[in-house]
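Following: one structure in structure tokens, then a few remarks.
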Amino acid sequence: MALKYHAPRGTSDLVFPESEKVERLVEIACEACALYGYRRVSTPVLESTGLFRRSIGEETDIVTKEMYTFEDSGGESLTLRPEGTAPVVRAYLEAGLRSEGLPQKLYYAGPMFRRERPQAGRFRQFSQVGAEAIGSEDPLLDVEMISLSVAIFDDLGLQRYTLLLNTVGCRACRPAYLEDLTTFLGDVSGRLCDRCRERAKKNPLRVFDCKEERCRETLKNAPVILDAVCSGCGRHFEEVISGLERLGVPFSVDKHLVRGLDYYTRTTFEFKFRDIGAQDTVSAGGRYDYLVEELGGPDTPAVGFSMGVERLVMAMDAQGLDPFGRRRLDVFIAGAPGVDRGRLLELLSRVRSEGVSADTDYMDRGLKAQLKQANRLDARLVVLLGPDEMERGEAVFRDLEESRQWEVPLTEVPARALDFLGGR
RNA sequence: GUGGACGUAGCUCAGUUGGUUAGAGCGCCGGGUUGUGGCCCCGGAGGUCGGGGGUUCAAAUCCCCUCGUUCACCCCA
């Protein structure tokens, strides 16, 4: 308890069996991405600080107070990545992927870092699996992102999620809308809470998230972006909607859905789950048609989403899902007193060569304790060897579940073990 | 950054209005079978009661500070 070192606040160790459950879950998500034609991309966890300041937005909470930024000994400002999209776009540009043909469909998985106060579903180091499709403005690609998210939920057996959908316009229509909204907020300023007045300056759209009754009442007459969007954005949104309907993906339009990163344009979406705490968004994404250009590339539209792995796990737990099965050891090799350990070692190696997981005692335990260990490891088969058997050229196979045991010739142990394991 | 709750054994927790060597269940180790697990029985190891200071004859218990965990706000995956 009074240990000298702990995992840093907001980070945690993942130990068995959770470690392997999470690994499997990420694997399932990645397989779905591949099924949808996305290719893996891996970027460093460190990037130049400027990349994030530029892409996420100077005024956002992430950039102003949540980044792990430091200067390395060479004087360069580096930041532990707080999200995955900007690095992927940077990698796309750096590798010249445009020449590989468009759209470039990429997915990634890995840790992200944000220095926030931890709570249920929020950590300083967390993992995301995400996908990006760069180079097309086809609304069906927006639909694909959403249905990829749905596919991952389905593959994991997750149910009862809510999909919220909105559009935040483009540079043709958003500025005018923001101006209208700002004007409106200025007019009703006296009726808003302190927080909303602050938001009105920094990120006007956020006022719609306010839970204060008075603010909600006041904002009922506020202009809504969905109504103010230009014809291009309006048409795009309609096509996303009809695509979702075509696929039978239920959703609801949330006119006030706002994303926290500045680069989003047009479509934005969020998947929410119940019973996982206040941080209930498990997957979110949208279009970012200007980001590639913003980072120095040519005018290139793009869409993407990312999913919080820890929140996914919480949703699985909340729904009582554990599709990973129990992790069992195939064979435990136990040695009776006086046995030649060199022979055990040899046997262990031969069994493992057959692709059968195997372990043995390294604690100099008595036979009884070894059996106990085998039971603890949930071993499917115990191979027992003692001086007597050795002399006869035999080994004892013990089936822990059936409490039966029989002898097999020593030379046939690997093959017979395979038979036993395969025949169950 | 703000607010609430909580820190007793590896884990989950008891611990009466402050009162002797701080407990339980689970887990761990050993025994009950000269070489056989799971159930049962017996025994054992394991604790600076988060840390520091104070009050008191006496503090796990009361007070202050501190560190940590957790939930919520903010914000987000």
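To find a chain, count down the sequence lines: A is the first, B the second, and so on, and within it residues start at 1. Just so it is clear, the values below take in all heavy atoms, side chains as well, and ignore hydrogens, waters and symmetry mates.
Side-chain atoms of A:Arg311 and base atoms of B:C76 include a donor and an acceptor less than 3.5 Å apart. A donor-acceptor contact under 3.5 Å is formed by the side chain of A:Gln119 with the base of B:C74. Counting atom types as modelled, A:Arg117 pairs a side-chain N or O with a base atom of B:U2 as donor and acceptor under 3.5 Å. At a cut-off of 3.5 angstrom, counting only N and O atoms as typed in the model, there is no donor on one side facing an acceptor on the other between the side-chain of A:Gln405 and the base of B:G37. In terms of polar N and O atoms assigned as donor or acceptor, the side chain of A:Arg122 comes within less than 3.5 Å of the base of B:C74 in a complementary pairing.
Taken to the nearest 0.5 Å, the CZ atom of A:Arg114 stands 8.5 Å off from the CE atom of A:Met112. Going from atom CZ of A:Arg214 over to atom CZ of A:Arg191 covers 6.0 Å, rounded to the nearest 0.5 Å.
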Produce the list of close N/O pairs, under 3.5 Å, pairing protein atoms with atoms of nucleotides 43-46 of chain B; give distances to one decimal.
none

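Here the nucleotide nearest the side chain of A:Arg398, chosen from B:G30, B:U36, B:C29, is B:U36. Picking from B:A77, B:G35, B:C75 the nucleotide with the shortest atom distance to the side chain of A:Ala336 gives B:G35. Among B:C29, B:G38, B:C74, the nucleotide with an atom closest to any side-chain atom of A:Asn375 is B:G38. The side chain of A:Gln279 has B:C75 as its nearest neighbour among B:G37, B:A77, B:C75.
For A:Tyr288 and A:Tyr263, the distance between ring centers is under 6.0 angstrom. For A:Phe153 and A:Phe273, the ring centers are positioned less than 6.0 Å apart.
Pair check for B:G19 finds B:C57; Watson-Crick or G-U wobble, both atom distances under 3.5 Å. Pairing for B:G10 goes to B:C26, judged as Watson-Crick or G-U wobble with the two contacts each under 3.5 Å. Pair assignment for B:A45: none, as no Watson-Crick or G-U wobble contacts are both less than 3.5 Å. Across all strands shown, B:U70 forms a Watson-Crick or G-U wobble pair with B:G4, both key distances being under 3.5 Å.
Within the nucleic acid shown, A:Leu384 comes within 4.0 Å of at least one base atom, counting heavy atoms only. Residue contacts shown for A:Ser283 are limited to sugar-phosphate atoms, with no base heavy atom under 4.0 Å away. Nucleic acid contact for A:Gln125: none, since no nucleic acid atom lies under 4.0 Å from a heavy atom of the residue. If you check every strand for non-hydrogen atoms under 4.0 Å, A:Ala374 touches nothing. Across all strands shown, A:Arg404 has no heavy atoms under 4.0 Å from either base or sugar-phosphate atoms. A:Gly130 comes within 4.0 angstrom of no nucleic acid atom, judged by non-hydrogen atoms across all strands.
Rounded to whole angstrom, the span from the CG atom of A:Asp399 across to the P atom of B:G38 amounts to 16 Å. Distance, A:Arg9 CZ to B:G1 P: 9 Å, rounded to whole Å. Following rounding to the nearest Å, A:Asp388 (CG) and B:U34 (P) show an atom-to-atom distance of 14 Å. Put simply, NZ on A:Lys272 is 9 Å from C1' on B:C76, counting in whole angstrom units. Computed from coordinates, the A:Leu205 CG to B:C75 P distance equals 13 Å when rounded to whole Å. In this structure, the CG atom of A:Leu400 is 10 Å from the C1' atom of B:U36, given to the nearest Å. Atom CG in A:Asp13 sits roughly 12 Å away from atom P in B:U69 (whole-Å rounding). Between A:Lys368 atom NZ and B:C29 atom P the separation is 12 Å, expressed in whole Å.
Using atom C1' as the reference point in both B:U21 and B:G47, the two lie 14 Å apart (nearest Å). Atom name P, nucleotides B:G31 and B:G23: the rounded distance is 27 Å, in whole Å. Remark: the separation of the P atoms in B:G7 and B:C63 is 13 Å, to the nearest Å. Nucleotides B:C11 and B:G53, compared at atom C1', are 32 Å apart to the nearest Å. Of the P atoms belonging to B:C42 and B:U66, the separation is 49 Å, rounded to the nearest Å. Straight-line distance between the P atoms of B:U17 and B:U55: roughly 25 Å, to the nearest whole Å. Comparing B:C26 with B:C41, their P atoms are spaced 9 Å from each other, to the whole Å. Nucleotides B:A9 and B:A24, compared at atom C1', are 11 Å apart to the nearest Å.
Relative ring orientation between A:Phe113 and A:Tyr68 is described as perpendicular, the plane-to-plane angle rising above 60° on a 0-90° scale split at 30° and 60°.
With hydrogens and angles ignored, the 3.5 Å screen pairs a side-chain donor or acceptor of A:Gln319 with a backbone N or O of A:Gln159. Here the side chain of A:Ser149 pairs no donor or acceptor atom with the backbone of A:Ile146 at under 3.5 angstrom. Judged by distance alone, the side chain of A:Asp289 and the main-chain N or O of A:Ala302 form a donor-acceptor pair under 3.5 Å.
If A:Thr60 and A:Ala7 are placed on RNA chain B by their nearest nucleotide, the residue sitting closer to the 5' end is A:Ala7. Map A:Val258 and A:Arg195 each onto its nearest nucleotide of RNA chain B; the residue landing nearer the 5' end is A:Arg195.
In this structure, A:Glu144 pairs ionically with A:Lys105, as a charged nitrogen and a carboxylate oxygen lie closer than 4.0 Å.
A cation-pi arrangement is absent between A:Arg39 and A:Tyr107 under the rule of less than 6.0 angstrom and at most 45 degrees off the ring axis.
For B:C29, one of the phosphate oxygens OP1 or OP2 lies less than 4.0 angstrom from a side-chain nitrogen or oxygen of A:Arg376.
In this structure, A:Asp227 places its CG atom where more than 12 heavy-atom neighbours from other residues, nucleotides or ligands lie under 6.0 Å away.
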